[in-house]
Asker: 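Before I ask anything, here is the structure I am working with.
All of these numbers come straight from a predicted model, not from anything done at the bench.
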Amino acid sequence: MEKTGYVSMNQIVHKINLGHINDLHFAILDLVNEFEFITSRQLCQMLEYKQIEYKSQDKLNNKLEQLVKSKILTRYYFTSEDGKGIYRIYCLEKMGKYLLTSRGTECKWQQSDNTKPVAMIKKRLAGNQVIIAYLRKVKAFDEYIVKPTLNAKTLGKVFKSSGGAVKLTKNSKSITFLFEVVRREDDWQKKIVDKMSMYKDFYDNFVPGDCNFKTLPQLIVVCEDERHTAEVFKEIVSHKVEIDKIKLYFTTDLRQIQETLAKTLIEFKLDETTNKYKVEDVELKLLDME
């Protein structure tokens, strides 16, 4: 007798042989594997970017439903920040890992991944949103990296930027933007100071070729809202973890929704006369759609 909800590998292989699990299902699996946590809307946007036909959001939702029922994916429900809706988040299940590895796809998923704290999942989703905004709205967009790895040499620590990275190329010159997503979670002030000290170490000791970067990448801190940018900046300055080698830029979740990203970055500049910092918009032509 089979226990309820248990799906055997044989049943799944049977579904593949019958064509009930097809190339679109595997394209979805590949994306979930790559991003770790992803919403159904983000899946649609990534399938469009990869020019994979999925017919409609409803059709995609049906496919996701099949994958959840077959224990290939697992699904979480989150209420949106404004409480106006519920969005669905997908990540791999053990059976999904089996399927991907059987096809020769590298999959680092572990059972413990599905018990990650909510704040960590929200950072990943915010990072996904930034990557998607850049690939859809910036002409110079070249490629994205979901989990870029960096090395803090002096501290002897390897770490990742929580929001991923995008590489932009124009007239054969390239720059990488690294995104560090900050959420107002428990102890977030200490967490961003610790993370910035690792970034500072990485930048202070950078030589071309480190972590596959030919030139210094640009760090952008993604905050929840405008007020949050000031709160985060204050933590960075008061704990002396500013980075001398680059200008530190900030942005917010909402700014990614703008039609063009050319004016979505801000920086804090010290006013020599008042000795106070003021916010200035940064306009980067590189981020235009033209």
Side-chain angles (χ1 to χ4, degrees), residues 1-50 52-55 57-79 86-129 131-132 144-149 158-165 181 183 185:
M1 194 175 88
E2 280 193 348
K3 68 178 190 225
T4 326
Y6 178 75
V7 181
S8 74
M9 199 61 189
N10 289 344
Q11 285 169 293
I12 288 172
V13 170
H14 186 58
K15 285 182 182 181
I16 294 169
N17 292 340
L18 290 174
H20 294 170
I21 292 177
N22 55 30
D23 287 348
L24 178 53
H25 289 94
F26 277 103
I28 293 166
L29 271 189
D30 282 333
L31 283 167
V32 176
N33 180 37
E34 185 180 17
F35 285 91
E36 193 179 356
F37 296 98
I38 191 165
T39 67
S40 48
R41 172 148 175 73
Q42 289 172 349
L43 275 168
C44 285
Q45 292 169 320
M46 286 309 303
L47 288 167
E48 275 166 28
Y49 168 68
K50 290 182 182 277
I52 297 167
E53 180 55 61
Y54 64 91
K55 301 256 185 340
Q57 176 92 51
D58 281 347
K59 286 268 194 307
L60 180 69
N61 287 343
N62 291 340
K63 295 273 185 285
L64 288 165
E65 190 63 41
Q66 291 165 347
L67 290 167
V68 169
K69 278 186 175 164
S70 299
K71 301 284 191 286
I72 294 168
L73 290 183
T74 192
R75 174 169 53 209
Y76 297 106
Y77 292 91
F78 273 33
T79 6
I86 290 174
Y87 53 104
R88 302 179 182 93
I89 294 139
Y90 295 89
C91 60
L92 282 180
E93 214 19 294
K94 191 162 62 178
M95 217 49 103
K97 178 172 184 167
Y98 284 157
L99 279 183
L100 286 169
T101 46
S102 71
R103 285 168 71 109
T105 304
E106 190 188 3
C107 180
K108 291 179 177 167
W109 179 88
Q110 299 164 337
Q111 201 96 36
S112 58
D113 289 356
N114 294 8
T115 55
K116 286 194 172 166
V118 169
M120 197 181 279
I121 298 172
K122 288 191 172 177
K123 282 181 197 175
R124 174 74 274 140
L125 297 177
N128 296 353
Q129 214 42 60
I131 288 172
I132 289 167
Y144 66 87
I145 310 151
V146 180
K147 294 178 182 177
T149 302
V158 172
F159 66 104
K160 290 180 166 67
S161 68
S162 61
V181 179
R183 303 290 95 166
E185 56 185 307

Asker: For residues Thr105 and Thr101, determine if any side-chain heavy atom of one lies less than 4.5 Å from a side-chain heavy atom of the other.
Answerer: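 Side chain of Thr105 against side chain of Thr101, heavy atoms only: no contact under 4.5 Å found.
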
Asker: Considering all heavy atoms of both residues, which atom of Glu48 and which atom of Tyr54 are nearest to each other, and what is their separation?
Answerer: OE2-OH, 2.7 Å

Asker: Is there side-chain contact between Ile52 and Ile28, with at least one heavy-atom pair below 4.5 Å?
Answerer: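 Not in contact.
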
Asker: Ion pair present between Lys108 and Glu106, side-chain N to carboxylate O less than 4.0 angstrom?
Answerer: yes

Asker: Less than 4.5 Å apart, side chain to side chain, heavy atoms only: is that true for Tyr77 and Arg88?
Answerer: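 Contact flag for Tyr77/Arg88 side chains = yes.
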
Asker: Take atom OH in Tyr98; do more than 12 heavy atoms of anything else shown fall under 6.0 Å from it?
Answerer: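 Counting neighbours around OH of Tyr98, 12 or fewer heavy atoms of other residues, nucleotides or ligands fall under 6.0 Å, so no.
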
Asker: Any donor-acceptor pair under 3.5 Å linking the side chain of Tyr76 with the backbone of Asn114?
Answerer: yes

Asker: Is any side-chain heavy atom of Thr74 closer than 4.5 Å to one of Val68?
Answerer: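 Side-chain contact under 4.5 Å: no.
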
Asker: If you compare all heavy atoms of Asn33 against all heavy atoms of Cys107, which two are closest, and at what distance to 0.1 Å?
Answerer: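 Shortest heavy-atom contact: OD1-SG, 3.4 Å.
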
Asker: Give the minimum heavy-atom separation between Val181 and Ala126, together with the two atoms involved.
Answerer: CG1-CB, 3.8 Å

Asker: Could you go through Gln110 and Asp113, starting from their C-alpha distance and side-chain angles, then the distance that decides it, and tell me whether this counts as side-chain contact (heavy atoms from CB on, under 4.5 Å)?
Answerer: CA-CA 5 Å; Gln110 299 164 337; Asp113 289 356; 4.2 Å; yes

Asker: Determine the minimum heavy-atom distance between Cys44 and Gln57, stating which atoms define it.
Answerer: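 Where Cys44 meets Gln57 most closely, the heavy atoms are SG-OE1, 3.3 Å.
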
Asker: Nearest 0.5 Å, what's the OG-CE distance between Ser162 and Met120?
Answerer: 9.5 Å

Asker: So, Ser70 side chain and Gln66 main chain: donor-acceptor pair closer than 3.5 Å or not?
Answerer: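 Yes: the side chain of Ser70 pairs with the backbone of Gln66.
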
Asker: For residues Pro148 and Gly164, report the shortest heavy-atom separation together with the two atoms involved.
Answerer: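 Closest heavy-atom pair between Pro148 and Gly164: CD-CA, 3.6 Å.
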
Asker: Kindly indicate whether the side chain of Leu67, heavy atoms from C-beta on, has any atom under 4.5 Å from the side chain of Val32.
Answerer: no

Asker: Do Leu125 and Ile89 have side chains that approach each other closer than 4.5 Å (heavy atoms only, starting at C-beta)?
Answerer: yes

Asker: Just do the ring pair (Phe, Tyr, Trp, His ring centres under 6.0 Å) check on Phe37 and Phe78 with the steps written out, would you?
Answerer: CA-CA 12 Å; Phe37 296 98; Phe78 273 33; 8.6 Å; no

Asker: So, Tyr90 versus Glu36: side-chain donor-acceptor pair below 3.5 Å or not?
Answerer: no

Asker: Determine whether more than 12 heavy atoms belonging to other residues, nucleotides or ligands lie under 6.0 Å from atom NZ of Lys94.
Answerer: no

Asker: What's the spacing between Ile21 CD1 and Ile12 CD1 if we round to 0.5 Å?
Answerer: 5.5 Å

Asker: Can you list the steps and then say if Ile72 with His25 is a side-chain contact (heavy atoms from CB on, under 4.5 Å)?
Answerer: CA-CA 10 Å; Ile72 294 168; His25 289 94; over 6 Å; no

Asker: Do the side chains of Leu73 and Glu93 get nearer than 4.5 Å, heavy atoms only?
Answerer: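 Side chain of Glu93 against side chain of Leu73, heavy atoms only: no contact under 4.5 Å found.
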
Asker: Below 4.5 Å, heavy atoms only, C-beta onward: do Lys55 and Leu24 meet side chain to side chain?
Answerer: no

Asker: Yes or no on side-chain contact (heavy atoms from CB on, under 4.5 Å) for Leu29 and Leu92, after CA distance, side-chain angles and deciding distance?
Answerer: CA-CA 8 Å; Leu29 271 189; Leu92 282 180; 3.7 Å; yes

Asker: For residues Lys116 and Ile121, report the shortest heavy-atom separation together with the two atoms involved.
Answerer: O-CD1, 3.7 Å

Asker: Just by modelled atom types, is the Ile132 backbone N or O under 3.5 Å from a matching donor or acceptor in the Gln45 side chain?
Answerer: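 Checking the backbone N and O of Ile132 against the side chain of Gln45, no donor-acceptor pair under 3.5 Å is found.
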
Asker: Does the Lys97 side chain pair with the main chain of Trp109, one donor and one acceptor, at a distance under 3.5 Å?
Answerer: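 It does hold such a pair.
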
Asker: For Asn61 and Ser40, run side-chain contact (heavy atoms from CB on, under 4.5 Å): C-alpha distance rounded to whole Å, both residues' side-chain angles, the deciding distance at 0.1 Å, then the answer.
Answerer: CA-CA 7 Å; Asn61 287 343; Ser40 48; 3.9 Å; yes

Asker: Look at Glu185 together with Lys122 and state whether they make a salt bridge at an N to O cut-off of under 4.0 Å.
Answerer: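 Looking at Lys122 together with Glu185, the answer is no, because their closest N to O distance does not fall below 4.0 Å.
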
Asker: Rounded to the nearest 0.5 Å, how far apart are CG of Asn128 and NZ of Lys123?
Answerer: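 Those atoms lie 14.0 Å apart.
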
Asker: Roughly how far, to the nearest 0.5 Å, is CD1 of Ile145 from OG of Ser161?
Answerer: 8.0 Å

Asker: Working to the nearest 0.5 Å, report the span between CG of Asp30 and NZ of Lys50.
Answerer: 8.0 Å

